[in-house]
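Fair warning: this is a prediction, and the values are worked out from it, not measured in the lab.
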Amino acid sequence: MSEVARRDAAEPVTPRTAESLAGSVLLHLPAVTDALVETIYEQNPAYREVDSVPPDDLWQSCHDNVARVVQMIAGADRRPGRSATDEYFDAAHETGRRRAEQRMPLDDVLRSFRLGGRLVWEALIDEARAQGVVDSDALLEIASKVWEVVDNTSSQVAIAYHNAERQLVRADERRRSTLWEGLLHGRAKDRVFVQEAATVLDIPVNGPYAVVAIDNLIDDDCTAASLKRRLAGVRVASAWQVRTHTVVGLLALGAQSLDAVLRSLRDAVHAPAGLSSVVAGLADVDAAYHQATLARRTLPAGQVGVASLTERLPEALLLSAPELAEQLVRTWLVPLMKVPAAERELLLDTLERWVTAGGSVRRTAELAHCHRNTVINRLHRIHQITGRNLTDAAFQVELGLALRAIRLFPPQSR
């Protein structure tokens with residue numbers, strides 16, 4: 001036997017058969033592609049219902065992937081210097097990336113690849129019949145190769161899809177964060193911006209809004225998720241942003257009153273927080289955010305709860321003008337800072353109750369749970385220390401603000 005004859009006899013039949021059949025299929029690639037597109041539309045309805053993949057995009061993707069699958073079945077990936085991963089999975093990688101960007105569900109994408117594998121196998125069988133190939137072992141080998149290649153290709157599609165999906169999530173998070181920062185810093189006056197923000201955050205542009213700012217004590221979004229669910233239970237739509245030190249909520253009040261929302265928040269929030277007054281829409285969210293953070297600052301150190309701006313307007317005014325708050329304290333209360341702490345607290349408490357009682361000694365005594373003479377003696381002591389006339393009703397507003405200011409700016413912080 002000649003050297004050529006011996007070499008031919010030693011060559012396996014399957015690769016030669018596979019290459020011949022695959023080459024014939026590639027000659028009819030456009031027709032196979034048309035058949036696959038039609039099959040996908042018939043048997044994978046998501047491509048019609050989601051309607052995010054343009055027909056020409058689907059056709060080109062089917063064409064390129066069928067070509068690569070058939071080439072690998074023919075053994076192209078085993079040629080010296082070739083890399084199936086780097087070269088022959090290029091169409092799979094591109095398809096996975098684009099379908100992720102088009103928001104086509106991955107299960108539907110992979111179903112199309114299974115349909116494509118079946119169609120490629122049927123096309124190979126048709127060619128085998130046309131060429132008179134009857135070697136059942138060879139055909140079984142080709143079938144095994146078809147599904148091996150389709151499985152490997154599908155895996156590459158899934159990898160590319162997940163990689164693109166992670167990038168999209170990061171991009172969405174960055175965009176969402178950018179929109180939030182724009183809302184909180186006044187960009188919602190721009191109609192295009194506010195419409196995009198409303199769409200992305202899934203909240204209305206107009207309608208009554210309030211903003212809540214909560215100290216972020218756990219540094220994750222568990223608080224935001226639970227509050228969103230709780231407020232949805234009282235028919236208040238909300239959007240939340242977890243920031244470094246604060247969890248911010250936009251509350252679309254709808255028909256709900258601010259008092260009802262405040263009650264829900266106070267039942268659920270176990271951290272220092274501030275709630276704004278009501279504003280007309282997203283265009284005024286920056287002002288509401290400022291109010292919410294201001295309301296939060298009115299809480300004494302260490303106190304947990306939701307401070308409502310509408311309930312703490314005097315404190316908010318003082319925080320907004322700290323130099324005036326300092327002036328009030330100097331005018332009315334600085335001399336009291338020189339007496340021992342225990343006596344100072346007793347006298348300040350008496351003054352607060354006296355202001356609350358509208359200058360009534362009797363009512364002050366009731367609030368302080370002591371005799372009216374005790375109140376008179378304490379007021380006299382305060383007059384001696386401060387030199388201020390406490391009986392003039394005209395001064396009660398200033399004194400009341402001074403007392404609030406000293407709680408906001410305690411002596412050790414001054």
Side-chain angles (χ1 to χ4, degrees), residues 213 215 259 262 266 271-277 287-414:
D215 282 13
D259 287 343
L262 179 59
R266 283 176 171 165
L275 178 66
S276 74
S277 60
Y289 174 63
H290 173 71
Q291 292 178 5
T293 57
L294 191 58
R296 158 63 189 94
R297 290 172 56 205
T298 68
L299 288 174
Q303 182 173 326
V304 171
V306 182
S308 172
L309 182 76
T310 57
E311 297 175 350
R312 303 180 71 84
L313 285 173
E315 289 85 353
L317 287 170
L318 292 167
L319 286 170
S320 299
E323 69 286 353
L324 296 180
E326 181 74 14
Q327 180 63 44
L328 285 167
V329 171
R330 281 201 305 268
T331 300
W332 284 93
L333 303 175
V334 161
L336 288 176
M337 299 302 103
K338 300 176 183 178
V339 304
E343 183 184 9
R344 179 175 69 243
E345 284 304 311
L346 181 64
L347 297 178
L348 287 174
D349 180 73
T350 300
L351 275 178
E352 288 174 344
R353 296 179 188 279
W354 184 80
V355 170
T356 300
S360 167
V361 173
R362 180 186 60 79
R363 180 58 181 151
T364 302
E366 291 174 354
L367 294 173
H369 304 290
C370 63
H371 194 275
R372 64 187 306 277
N373 288 339
T374 302
V375 172
I376 293 172
N377 291 335
R378 290 177 185 173
L379 293 175
H380 181 66
R381 171 68 174 151
I382 293 169
H383 173 69
Q384 287 181 323
I385 295 170
T386 64
R388 304 294 301 186
N389 179 10
L390 303 178
T391 61
D392 192 333
F395 295 143
Q396 287 184 19
V397 173
E398 286 189 24
L399 178 56
L401 289 172
L403 289 165
R404 293 172 189 266
I406 205 167
R407 298 303 186 191
L408 291 172
F409 308 101
Q412 59 269 27
S413 68
R414 295 174 62 248

- prompt: Are Asn377 and Thr374 close enough that some pair of their side-chain heavy atoms sits under 4.5 Å apart?
  reply: no
statement: Closest non-hydrogen atoms of Ala316 and Leu309, given as atom of the first, atom of the second and distance, are CB-CD1, 3.6 Å
field: Arg381 side, atom CZ; Thr350 side, atom OG1 - distance, nearest 0.5 Å
entry: 12.5 Å
- prompt: Please walk me through it: do Leu379 and Thr364 pass side chain to side chain contact (heavy atoms under 4.5 Å, CB included)?
  reply: CA-CA 11 Å; Leu379 293 175; Thr364 302; over 6 Å; no
- request: Decide whether Gln327 and Thr331 meet the rule of one side-chain donor and one side-chain acceptor closer than 3.5 Å.
  value: yes
- prompt: Should Thr310 and Ser277 be marked as a side chain to side chain contact (heavy atoms under 4.5 Å, CB included) after you check the CA-CA gap, both sets of side-chain angles, and the distance that decides it?
  reply: CA-CA 6 Å; Thr310 57; Ser277 60; 4.0 Å; yes
message: Between the side chains of Arg296 and Glu315, is the shortest nitrogen-to-carboxylate-oxygen separation below 4.0 Å, so that they form an ion pair?
response: no
- line: Of all heavy-atom pairs linking Ala307 and Arg312, the shortest is CB-CD, 3.5 Å
- prompt: What is the minimum heavy-atom distance between Ala357 and Leu367, and which atoms define it?
  reply: CB-CD1, 4.2 Å
Pairwise distance CG(Leu348) to CD(Glu345) - rounded to 0.5 angstrom: 5.5 Å
- prompt: Should Leu351 and Trp332 count as side-chain neighbours, where that means a heavy-atom distance under 4.5 Å?
  reply: no
query: When rounded to the nearest 0.5 angstrom, what is the spacing between CG in Leu318 and CZ in Arg297?
result: 11.0 Å
From CG (Asp349) to CZ (Arg344), nearest 0.5 Å: 13.5 Å
- prompt: Applying the side chain to side chain contact (heavy atoms under 4.5 Å, CB included) test to Val329, which of Leu408, Leu324, Val334 qualifies?
  reply: Val334
- prompt: Is any side-chain heavy atom of Leu262 less than 4.5 Å from a side-chain heavy atom of Glu311?
  reply: yes
statement: When rounded to the nearest 0.5 Å, the distance separating CG of Leu319 from CZ of Arg404 is 12.0 Å
task: Check whether any side-chain heavy atom of Ile406 lies under 4.5 Å from a side-chain heavy atom of Leu336, and answer yes or no.
output: no
- request: Compare every heavy atom of Ala295 with every heavy atom of Gly274, then report the nearest pair and how far apart it is.
  value: CA-CB, 3.9 Å
- prompt: Between Leu333 and Leu399, is a side chain to side chain contact (heavy atoms under 4.5 Å, CB included) present by the stated rule, with each step listed?
  reply: CA-CA 9 Å; Leu333 303 175; Leu399 178 56; 4.2 Å; yes
- prompt: Could you give the distance from CG (Leu313) to CD (Gln291), rounded to the nearest 0.5 Å?
  reply: 8.5 Å
task: Please name the pair of heavy atoms, one in Thr293 and one in His290, separated by the smallest distance, quoted to 0.1 Å.
output: OG1-O, 2.9 Å
field: Nearest heavy atoms of Pro314 and Leu401, plus distance in Å
entry: CB-CD2, 4.0 Å
